[in-house]
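Contents: one structure, followed by commentary.
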Number of protein chains: 2
Amino acid sequence: MTGIKDVAREVEMSTATVSRALRGLPGVSEETRDRVRETARRLGYVPSPSAAGLATGQTRTVAVIVPFVTQWFFAAVVQGAEEELRSRGYDLLLYNLAGDPAARHRVFSTSLLTKRVDAILVLSLTPSRDELASLEALGKPVTIVGADLPGWATVRIDDHLAASTATQHLLDLGHRRIAYIGGSTEGALDFTAPVERVAGYRATLAAAGVPHDPALEADGDFTVAGGMRAAAELLELADRPTGIFAASDEMAIGALRAARDRGLRVPEDLSVIGIDDHEMADFFDLTTVAQPVHEQGRVAAQLVLGALGSDDWDPEQVVLPTELVVRRTTARPCGTPGP
Amino acid sequence: MTGIKDVAREVEMSTATVSRALRGLPGVSEETRDRVRETARRLGYVPSPSAAGLATGQTRTVAVIVPFVTQWFFAAVVQGAEEELRSRGYDLLLYNLAGDPAARHRVFSTSLLTKRVDAILVLSLTPSRDELASLEALGKPVTIVGADLPGWATVRIDDHLAASTATQHLLDLGHRRIAYIGGSTEGALDFTAPVERVAGYRATLAAAGVPHDPALEADGDFTVAGGMRAAAELLELADRPTGIFAASDEMAIGALRAARDRGLRVPEDLSVIGIDDHEMADFFDLTTVAQPVHEQGRVAAQLVLGALGSDDWDPEQVVLPTELVVRRTTARPCGTPGP
DNA sequence: CTGAAAGCGCTAACAT
DNA sequence: ATGTTAGCGCTTTCAG
């Protein structure tokens, strides 16, 4: 295994010079730098991250904590973050919680991450008070994707607005019986999104003078199967909804299926709208409120890397825009006169 | 930041003893061990991976190289691997190629990974000759998921058999015009699967005495959109197929949509079968050949960790079973008498 | 069963 | 512009 000493010996210089030359530090003649670079390349020299890390206290690695990699949304955010990190020479350590509370506890509680990474990206889960304290205690830059946490660096969409946009779209089409499929607003993995989205739904309905009907709110667990179950219930209601707003595209897709199973036509008998603009949304002709998924990963990585640069970091709160994408699962309810 | 010295001072012992005690090495009295453990816990001591790595030459980290994290299959394999690795105290460094040839080249060519990880997991992409040479040169345990590479540790399914099972299922139902949607068999990310699957399809057809028709083979790029495009072409054929075998569920789902767009009923007018048992397969009532996805990740991790234990490693080739899952997208072609 | 001391491979002051 | 000299925090002989 060739080390820095081998390179130094070869160019007949000290390891210090080699180190400086290779890292582009000032105080090395151009000629020396070239010679060192060339020699290092020829010898196949690769610096040891362990040694460099021990000497500098930096690992050039960031931890990405994600609830479920298998969910498209998270995978896409991870991908965005990975691109940005790699382009800046950072490695990405993946911590997949996969709904395991023990895993979650381990990752947050012990300072497992302290000496392992330079910064942390937390995806779409709101850390508990204790967990926030642990994160803070790490004394490392942390960026949270998908949560609204004053004082912390966050990147997210305006969930309240997104929900409002979706609900308003249905209202504008003439719907009044509008159901909501969301996720439980508490639990081991408590996102901010569920809370804000249901609030946006309610507020928009209220603003339109539509009375709130708790029977129209169902829990779809943010999965296709859950969305299907929830929609099935809603569609059994005596006074069934004419429109369903699902807080995620996956649940909306489940709702589509539930409608089909009952012989309901979409959008003639039932309108369905989601949030995300999932990979498969176009495929399902699903009307949705699109959010920049990949972009959230990139921006989060940028934020956290920015912090690594300057020492007086001001945790920024980035809110990325959403956009209504009208496809073919929403229309005026039957019997409504056209515009 | 509390280090091993702090713990040593506290228990009034040498750092050597503390190190031994904490790592469960022999030669430490039970009493001392307990006291050290307790003190370390109290002080919130966490060993520095950089320092330990420098001293031992081990990083307790494994690299996982994946073509696209956003594809469910890969994400699921990663999740399986992550669980296994974490349970054994290893960290997972994610390298997402995302179709970027430059990224791929960087990861494989330079010995970037040499001093960074103890072992490597390569998912579902067949390394080129050069890449294999680089991997070999690392001198670290490597396990490849989804490829059949004699001499290397691999875990995969029998792709030929899976394709054969799918094709035979269609044949058994009475289909004769059976189309195949696969992926290009060459390219930057050349999997083993495409090659083996198309071969299985052809062989099974041949064995049944069905003449080979190149017009019935289309490229679906292993994506939903690609599957839809490919199926659209196939269904425009004058003598169109009565059955479509897609080499992945995502392409099969695309085919389903293409059929629907043309007003074809599935399975009455067209049978469709895939491979994977994708998360959404059940939802689409898709008949498929299921493969153990999560399991492949776990087993791959086990293999590679096993290698880390013993020094005379015998690279094992694990083939996991597949299973035909008949749902409701396949049936006898119209006009065929029942059994 | 425990301790002293010598590194692991690199970086960072401080010299020159 | 380059070299010398200490470490970084842990593990590991080798002694005792």
Side-chain angles (χ1 to χ4, degrees), chain A residues 1-37 39-40 43-61 89 91 111-118 139 308 311, chain B residues 1-37 39-40 43-61 89 91 111-118 308:
Chain A
M1 196 85 331
T2 116
I4 200 173
K5 277 191 204 157
D6 302 300
V7 180
R9 190 179 316 117
E10 188 78 7
V11 296
E12 296 177 300
M13 295 247 163
S14 71
T15 61
T17 301
V18 172
S19 175
R20 282 188 286 249
L22 256 19
R23 287 180 305 149
L25 261 37
V28 181
S29 76
E30 268 313 303
E31 195 227 311
T32 304
R33 194 184 299 279
D34 288 346
R35 217 152 48 83
V36 170
R37 283 216 183 101
T39 308
L43 263 43
Y45 167 69
V46 179
S48 152
S50 293
L54 186 52
T56 61
Q58 313 233 295
T59 60
R60 294 198 74 80
T61 298
D91 275 325
S111 334
L112 234 189
L113 299 172
T114 335
K115 304 182 183 167
R116 225 191 192 345
V117 301
D118 295 344
L308 257 21
D311 33 22
Chain B
M1 196 85 330
T2 115
I4 200 172
K5 279 191 202 157
D6 301 301
V7 180
R9 191 179 316 116
E10 188 79 6
V11 296
E12 295 176 303
M13 295 245 165
S14 72
T15 61
T17 302
V18 172
S19 175
R20 283 189 284 249
L22 256 20
R23 288 180 305 150
L25 260 37
V28 181
S29 76
E30 267 316 302
E31 195 227 313
T32 304
R33 193 183 301 278
D34 287 347
R35 216 153 47 84
V36 170
R37 283 218 183 98
T39 308
L43 264 41
Y45 166 69
V46 179
S48 152
S50 294
L54 185 54
T56 61
Q58 312 233 293
T59 60
R60 293 197 75 80
T61 299
D91 275 325
S111 333
L112 233 189
L113 300 172
T114 333
K115 305 183 183 167
R116 222 189 193 349
V117 302
D118 294 345
L308 257 21

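A quick note: this is a predicted structure, and the numbers were derived from the prediction, not measured. First the proteins, then the strands, lettered A, B, ... as listed; each starts at 1.
Under the salt bridge (charged side-chain N to carboxylate O under 4.0 Å, His left out) criterion, A:R20 pairs with no residue at all, not counting sequence neighbours. Under the salt bridge (charged side-chain N to carboxylate O under 4.0 Å, His left out) criterion, B:R23 pairs with no residue at all, not counting sequence neighbours. With sequence neighbours excluded, no residue forms a salt bridge (charged side-chain N to carboxylate O under 4.0 Å, His left out) with A:R37. For B:T2, there are no side-chain hydrogen bond (donor to acceptor under 3.5 Å, both in side chains) partners two or more places apart in sequence or in a different chain. Taking B:T39 as the reference, nothing meets the side-chain hydrogen bond (donor to acceptor under 3.5 Å, both in side chains) condition, with sequence neighbours excluded. With sequence neighbours excluded, the residues forming a side-chain hydrogen bond (donor to acceptor under 3.5 Å, both in side chains) with B:T32 are B:S29, listed by chain and number. Annotation: side-chain hydrogen bond (donor to acceptor under 3.5 Å, both in side chains) contacts of B:D91 (sequence neighbours excluded): A:Y95, A:R116, B:R86. Annotation: salt bridge (charged side-chain N to carboxylate O under 4.0 Å, His left out) contacts of A:E31 (sequence neighbours excluded): A:R35.
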Inset, instruction - Go along nucleotides 5-12 of chain D 5' to 3' and tag each nucleotide: B for a protein heavy atom under 4.0 Å from its base, S when only backbone or sugar atoms are that close, - otherwise. - result: --BBBBBB

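Here the side chain of B:D118 pairs a donor or acceptor atom with the backbone of B:T59 at under 3.5 angstrom.
The nucleotide range of DNA chain C contacted by chain B, defined by atoms under 4.0 angstrom from heavy atoms of the protein and reported 5' to 3', is C:dC1 to C:dC10.
Separating the CZ atom of A:R9 from the C1' atom of D:dG3 is a distance of 16 Å, rounded to the nearest angstrom.
Note on the helix from C:dC1-D:dG16 to C:dT16-D:dA1: angle between the axes of the first and last five pairs equals 30°, rounded to 10 degrees.
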Review item, side-chain donor-acceptor pairs of residues 45-55 of chain A, under 3.5 Å, at least two apart:
unit_1 : atom_1 : unit_2 : atom_2 : d
A:S48  : OG     : A:S50  : N      : 3.3
A:S48  : OG     : A:A51  : N      : 3.1

